[in-house]
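Some notes on the structure that comes next.
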Amino acid sequence: MVQRRPFPPFIQINKLLGTIAKMGDYTTALSHFKKLQLLGFEGSCTPDVTTFNTLLNGLILQDKAAEAMELFKKLTRNGDIEPDVVMYGTLITGLCKMGVAITAVGLLRIMEERGCKPNTIAYNVIIANLCKDRMVDDAIRLFIEMKEKGIPINVVTYNSLIHGLCSVGRWKEATRMLREILYTGIYPDVYTFNVLVVALFKKGKAKEAEEVLEVMIERGVDPNVVTYNSLMDGYCLQGQMDEAMRVFNKMVDMGVQPSNLSHNILISGYCKEMKIDEAMHLFREMPEKGFKPDVQTFSTVLQGLFRVGRCAAAHELFDEMLVAGIIPSTITFGILLDGLCKNEGLLDEAKEFFVEMEQNGCFPNGCTYNVIIQGFLARK
């Protein structure tokens with residue numbers, strides 16, 4: 001199609017470029033367009049805003065946002081095209097991917113100056129990335145601007161702000177924002193509540209986190225495994241294992257399928273509280289319930305066994321891990337070495353594991369070397 005003369009209408013070429021782009025092959029799309037440029041455009045074969053939107057989006061997806069901006073500047077400088085809201089949105093996404101969300105705010109102003117009204121998507125992309133960069137106050141200013149200009153606000157907007165506020169420890173403002181959502185008639189989703197639950201537990205606000213869960217259920221939003229895992233993790237961090245197990249049982253009663261992570265959280269909590277028998281019980285239950293312990297599960301239990309001085313049991317568990325085809329990680333070997341070095345008479349065995357670690361392609365890190373060095377120093 002590219003080499004045919006006279007050229008077909010550009011609407012057909014747009015379809016071709018769009019099809020190629022949807023296949024993810026933006027390099028080919030760009031290549032075809034450059035060939036067209038060399039052949040020269042004529043008659044009805046003149047690229048339009050759709051053409052350039054496809055090309056700009058391709059550049060953005062290939063992490064060539066700088067090139068996309070240069071193309072945009074050239075187009076607007078020469079008056080070749082009048083950008084639409086899609087083009088601006090594409091470039092805003094590109095700038096945010098480059099980590100310059102604050103520059104994307106400037107593009108919003110250019111949009112307005114050129115008579116193109118920014119939409120909710122454009123604002124949401126910038127707000128999300130400002131929050132990601134911990135520039136929460138700038139994000140809130142844009143949020144207020146949306147209200148003032150009558151730009152529709154949706155749950156995505158609120159989710160970004162709540163997450164941003166929580167990430168900088170402003171959980172009271174995040175909670176107020178949740179209440180605001182409820183009064184505006186916008187329906188918060190499970191992500192909204194999950195972010196708050198995690199934030200509240202990090203602040204030691206277990207009661208408030210449970211209250212958020214109750215509001216969630218009242219509003220008809222079904223908690224998912226992430227919600228319950230967050231609650232369990234929070235209780236485990238506080239050493240409240242009975243509460244963590246209560247949440248686990250509630251999750252099962254509510255028909256939510258626990259995950260490997262659910263079990264790992266509880267096992268880790270029990271091990272930190274030196275309740276190795278409870279941890280082992282959960283560990284042995286996992287295969288019976290259709291779950292396969294992973295490297296994190298084995299590593300956690302190994303550490304728990306060493307902590308209570310059950311080195312022989314830890315050694316047996318490590319052998320069991322290898323038989324199960326689970327490849328030990330650097331963390332696993334670090335736990336083994338630490339456990340063996342801290343037990344008198346097992347330093348030579350630790351040395352053997354250290355050699356085995358390298359032979360298995362699991363190379364020691366700084367922590368691993370420190371464990372070995374401290375073990376030798378302790379023996380001397």
Side-chain angles (χ1 to χ4, degrees), residues 85 88-109 111-112 117-224 226-227 229-231 233-234:
V85 69
Y88 282 112
T90 300
L91 289 165
I92 285 169
T93 300
L95 288 168
C96 290
K97 283 182 74 175
M98 289 172 66
V100 285
I102 202 69
T103 305
V105 177
L107 198 55
L108 279 182
R109 305 299 164 235
M111 283 182 77
E112 293 169 325
K117 185 180 178 181
N119 60 12
T120 303
I121 296 172
Y123 273 95
N124 280 353
V125 170
I126 300 175
I127 287 172
N129 282 274
L130 286 171
C131 289
K132 183 182 175 184
D133 295 338
R134 302 174 74 84
M135 300 171 69
V136 181
D137 288 328
D138 292 287
I140 290 173
R141 278 192 283 273
L142 278 183
F143 174 67
I144 294 169
E145 183 180 303
M146 289 179 76
K147 288 182 175 180
E148 292 172 347
K149 294 182 176 179
I151 296 169
I153 294 168
N154 59 24
V155 70
V156 176
T157 322
Y158 279 106
N159 283 352
S160 297
L161 289 166
I162 289 172
H163 186 270
L165 288 165
C166 290
S167 68
V168 294
R170 292 158 64 174
W171 62 269
K172 286 184 179 179
E173 291 173 71
T175 305
R176 282 200 297 271
M177 193 155 282
L178 174 62
R179 286 198 289 268
E180 182 179 321
I181 299 177
L182 300 175
Y183 286 121
T184 56
I186 294 172
Y187 288 95
D189 57 22
V190 68
Y191 177 82
T192 318
F193 290 103
N194 287 350
V195 168
L196 265 177
V197 167
V198 172
L200 289 167
F201 262 116
K202 283 183 178 178
K203 289 291 180 180
K205 305 285 182 180
K207 181 182 176 183
E208 288 86 346
E210 288 271 13
E211 287 173 356
V212 169
L213 179 66
E214 293 307 315
V215 172
M216 186 177 184
I217 295 169
E218 287 171 10
R219 289 280 167 172
V221 180
D222 294 327
N224 60 14
V226 176
T227 318
N229 283 351
S230 300
L231 284 166
D233 193 40

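Bear in mind the structure is a predicted one, so any value in this text is a computation, not a measurement.
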- Query: Any sub-3.5 Å donor-acceptor pair from Asp233's side-chain atoms to Asn229's backbone N or O?
  - Reply: no
- Note on the structure: d(Thr103 OG1, Leu95 CG) to nearest 0.5 Å is 6.0 Å
- Sequence neighbours left out, what passes side chain to side chain donor-acceptor pair (under 3.5 Å) with Asn154? Give chain and number order. Asn124, Thr157
- Message: Working to the nearest 0.5 angstrom, can you tell me the gap between Leu200 CG and Lys205 NZ?
- Response: 8.5 Å
- Task: To the nearest 0.5 Å, tell me how far Glu112 CD sits from Leu107 CG.
- Result: 10.5 Å
- Message: Looking at every heavy atom in both Ile181 and Pro188, which two are closest together, and how far apart are they?
- Response: CG2-CD, 3.8 Å
- Note on the structure: Sorted by chain and number, sequence neighbours left out, side chain to side chain donor-acceptor pair (under 3.5 Å) with Arg179 holds for none
- Report, as yes or no, whether the 6.0 Å neighbourhood of atom NZ on Lys132 holds more than 12 heavy atoms from other residues, nucleotides or ligands. no
- For Ala101 and Asn129 the tightest heavy-atom approach is CB-CB, 3.9 Å
- Shortest non-hydrogen separation from Val136 to Gly164 and the atoms involved: CG2-O, 3.5 Å
- Nearest atoms (heavy-atom pairs only) where Ala206 meets Phe201: CB-CE2, 3.5 Å
- Indicate yes or no: at least one non-hydrogen side-chain atom of Asp133 is less than 4.5 angstrom from one of Ile102. no
- Task: Taking Thr120 for its side chain and Pro152 for its backbone only, find out whether a donor-acceptor pair lies under 3.5 Å.
- Result: yes
- Task: Could you please spell out the steps behind the side chain to side chain contact (heavy atoms under 4.5 Å, CB included) verdict for Lys207 and Glu210?
- Result: CA-CA 5 Å; Lys207 181 182 176 183; Glu210 288 271 13; 5.8 Å; no
- Query: Can you name the closest pair of heavy atoms from Lys117 and Ile151 and give their distance?
  - Reply: CE-CG1, 4.2 Å
- Item | Pair Asp138-Val105, side chain to side chain contact (heavy atoms under 4.5 Å, CB included): steps then yes or no | CA-CA 10 Å; Asp138 292 287; Val105 177; over 6 Å; no
- Only one of Ser167, Ser160, Cys166 forms a side chain to side chain contact (heavy atoms under 4.5 Å, CB included) with Val195, so which one is it? Cys166
- Kindly determine whether Arg170 and Asp137 satisfy side chain to side chain contact (heavy atoms under 4.5 Å, CB included), including the steps that lead there. CA-CA 11 Å; Arg170 292 158 64 174; Asp137 288 328; 3.1 Å; yes
- Which class fits the ring pair Phe143 and Tyr158: parallel under 30°, tilted 30 to 60°, perpendicular over 60°? perpendicular
- Query: Heavy atoms, side chains only, cut-off 4.5 Å: are Ile127 and Val156 in contact?
  - Reply: no
- Message: Has Asp189 got a side-chain atom pairing as donor or acceptor with Thr192's backbone, closer than 3.5 angstrom?
- Response: yes
- Measure the spacing between CD1 of Ile153 and CD1 of Ile144 and express it to the nearest 0.5 Å. 10.0 Å
- Query: After noting the C-alpha distance and the side-chain angles of Leu196 and Glu208, does the key distance pass the side chain to side chain contact (heavy atoms under 4.5 Å, CB included) rule?
  - Reply: CA-CA 9 Å; Leu196 265 177; Glu208 288 86 346; over 6 Å; no
- Query: So do Arg176 and Lys172 actually touch side chain to side chain, heavy atoms under 4.5 Å?
  - Reply: yes
- Query: Can you name the nearest heavy-atom pair linking Leu161 to Ala139, along with the distance?
  - Reply: CD2-CB, 3.9 Å
- Can you measure from CZ (Phe193) to CD1 (Ile217) and round to the nearest 0.5 angstrom? 10.0 Å
- Task: Would you indicate whether the side-chain heavy atoms of Val197 and Met216 approach each other to under 4.5 Å?
- Result: no
- Hey, could you give me the CD/CD1 distance between Glu180 and Ile186, rounded to the nearest 0.5 Å? 8.5 Å
